[in-house]
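No experiment lies behind these values; they were computed from the predicted model shown.
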Amino acid sequence: MELHDLLTPGRSLALHSESGRELPRVEAFEALYNLGCRPRHGEVVMIAGRSGTQKSGLALFWVATMNLPTLYFSADMSAFTASSRLASMATGDTTEMVEAGMSAGGRYRESYLNALSGSRLTFSFGSPITWRAVDEEMEAWVELWDDYPSVLVFDNLMDFENAESDYTEQMAVMSNATELARATGATVIILHHASDKSWEAKSDPWAPPSRDQVKGGLSEKPELSLSVALDPNSMEFKVAVIKQRMGACDPTARRYASMRCHPETTRFSKLERLTPITPPPAKQWSPLDALSRAA
């Protein structure tokens, strides 16, 4: 299938004129933008991290906040889990509250459904992810909208068919993702794992993994690769730019942006910095103090 043959001439002409522009900014990512990170339309973006570091949560929050037309392939989350997280994000209620409200029905169910009515995310569930399924979903999208999605999310790379442990297949996934971004002008966000067995993972588990800790060395392929980590004690979420073709990066991941993670609502926010209150200097004691109090 040649993807660019699926559009009308007008949409095909407009396609590549939109590539290269910066994606809409997300307020919670201010510290990341301050590092010089500039995610753009039409790029392949990798989010890499160790197990349990809210990679999926970050991707879901990012695309939901931008609310661009998005096709999200998920092999990890069920349909109900994904929808519950979106409703939680939209309302500020915890995912447990959303699940209880949906079970209770009535006005609770209606309020959560209304909260999702403006979402422009479409999910495709199924494990493993296959290129045939991607092909079919894209054809259906074009048939419906005469356009391609602005963002494609693959959660995650190792959930592609035959890519769990086959390096050659993982390379093929990255190659196909790049071709997909070029042909459609969509931003392709792909999630991937970093090593849990390295010395750094054991000695400093809450620091973002460096580029050489990303499995298979695949973080070198995209235009932009982000490395993430979560401190479960403070809920400080750290994001390092370990590869950026058109900007600053730090392959060691020692320079990173911090934000606050709220996993119970699948939200992220700017990290508040508490300013210590300096007490006034103590007044020096004098014998005259007693006389003045007596007077």
Side-chain angles (χ1 to χ4, degrees), residues 16-50 53-68 70 150-157 174 177-178 181-182 185-194 200 204 206-231 234-262 267-273 275:
H16 292 291
S17 66
E18 298 171 0
S19 296
R21 293 183 297 110
E22 188 177 343
L23 289 171
R25 292 202 171 192
V26 174
E27 183 181 358
F29 295 176
E30 181 181 335
L32 184 60
Y33 299 132
N34 289 342
L35 288 181
C37 182
R38 298 292 182 269
R40 300 180 184 276
H41 288 273
E43 286 188 339
V44 177
V45 179
M46 176 176 283
I47 300 174
R50 301 185 184 100
T53 52
Q54 287 290 320
K55 296 185 293 294
S56 298
L58 179 70
L60 193 58
F61 173 79
W62 189 2
V63 296
T65 305
M66 292 191 296
N67 206 26
L68 297 171
T70 299
S150 297
V151 182
L152 288 157
V153 181
F154 294 112
D155 186 3
N156 62 64
L157 189 153
M174 293 305 301
T178 301
R182 299 291 180 274
T187 301
V188 177
I189 300 174
I190 190 160
L191 280 57
H192 190 38
H193 293 292
E200 292 86 355
D204 196 3
W206 301 328
S210 56
R211 189 194 295 179
D212 60 3
Q213 295 179 63
V214 177
K215 290 187 176 181
L218 296 175
S219 64
E220 299 177 8
K221 305 303 177 185
E223 283 91 348
L224 175 65
S225 293
L226 303 176
S227 169
V228 302
L230 174 66
D231 184 336
S234 64
M235 287 299 159
E236 180 180 357
F237 192 80
K238 303 170 185 177
V239 186
V241 183
I242 55 175
K243 162 77 185 297
Q244 184 172 207
R245 188 160 294 170
M246 297 177 64
C249 65
D250 177 14
T252 69
R254 291 174 186 158
R255 185 169 180 254
Y256 56 79
S258 292
M259 60 188 82
R260 186 73 66 200
C261 177
H262 309 276
R267 286 182 174 183
F268 294 78
S269 62
K270 291 189 285 187
L271 188 68
E272 66 283 357
R273 295 294 184 186
T275 305

Check the pair His192 / Ser219 against side chain to side chain donor-acceptor pair (under 3.5 Å), numbers first and verdict last. CA-CA 9 Å; His192 190 38; Ser219 64; over 6 Å; no
Side-chain contact, heavy-atom cut-off 4.5 Å: Leu68 with His41? yes
Residues in side chain to side chain donor-acceptor pair (under 3.5 Å) with Asp212, at least two apart? Ser210
Can you find a heavy atom in the side chain of Leu191 that is under 4.5 Å from one in the side chain of Ser56? yes
Which atom names give the shortest non-hydrogen contact between Met259 and Val239, and what distance separates them? CE-CG2, 3.9 Å
Evaluate the side-chain proximity of Arg50 to Pro209: yes if any heavy-atom separation is below 4.5 Å, no if none is. yes
Working to the nearest 0.5 angstrom, can you tell me the gap between Phe268 CZ and His262 NE2? 9.0 Å
Just how far is it from atom CG of Leu23 to atom CG of Leu224, taken to the nearest 0.5 Å? 9.5 Å
Can you check whether Thr187 reaches Arg40 side chain to side chain, under 4.5 Å on heavy atoms? no
Sorted by chain and number, sequence neighbours left out, side-chain contact (heavy atoms from CB on, under 4.5 Å) with Thr65 holds for Val26, Phe61
In terms of heavy-atom contacts, Ala181 and Gly42 come closest through CB-O, 3.7 Å
All heavy atoms of Leu218 vs all of Met46, minimum pair found to be O-CE, 3.7 Å
Mind listing the closest non-hydrogen atom pair of Ala229 and Trp206 along with its distance? CB-O, 3.6 Å
In this structure, CZ of Phe29 is separated from CG of Leu226 (nearest 0.5 Å) by 9.0 Å
Could you grab the distance from atom CD of Glu30 to atom NZ of Lys270, nearest 0.5 Å is fine? 4.0 Å
Please examine the side chains of Pro39 and Tyr33, heavy atoms only from C-beta on, and report whether any two atoms are closer than 4.5 Å. yes
What do you reckon, is CD of Glu27 surrounded by more than 12 foreign heavy atoms closer than 6.0 Å? no
About how many Å separate CG of Leu152 and OG of Ser150, when rounded to the nearest 0.5 Å? 9.5 Å
Do His193 and Asn156 come within less than 4.5 Å of each other through their side chains, counting heavy atoms only? yes
On a heavy-atom basis, the closest approach of Leu230 and Gln54 is CD2-CG, 3.9 Å
Without placing hydrogens or testing angles, list every side-chain donor-acceptor pair under 3.5 Å for residues 240-253, not counting sequence neighbours.
unit_1: Lys243; atom_1: NZ; unit_2: Glu220; atom_2: O; d: 2.7
unit_1: Lys243; atom_1: NZ; unit_2: Pro222; atom_2: O; d: 2.8
unit_1: Gln244; atom_1: OE1; unit_2: Arg38; atom_2: N; d: 2.9
unit_1: Gln244; atom_1: NE2; unit_2: Gly36; atom_2: O; d: 3.4
unit_1: Gln244; atom_1: NE2; unit_2: Ala248; atom_2: O; d: 2.7
unit_1: Asp250; atom_1: OD1; unit_2: Thr252; atom_2: N; d: 3.1
unit_1: Asp250; atom_1: OD1; unit_2: Thr252; atom_2: OG1; d: 2.6
unit_1: Asp250; atom_1: OD2; unit_2: Thr252; atom_2: OG1; d: 3.1
unit_1: Asp250; atom_1: OD2; unit_2: Arg254; atom_2: N; d: 3.1
unit_1: Asp250; atom_1: OD2; unit_2: Arg255; atom_2: N; d: 2.9
unit_1: Thr252; atom_1: OG1; unit_2: Arg254; atom_2: N; d: 3.3

If I compare all heavy atoms of Lys55 with all of Ile47, which pair ends up nearest, and what's the gap? CD-O, 4.0 Å
Any chance you could measure Leu58, atom CG, to Thr53, atom OG1, to the nearest 0.5 Å? 9.5 Å
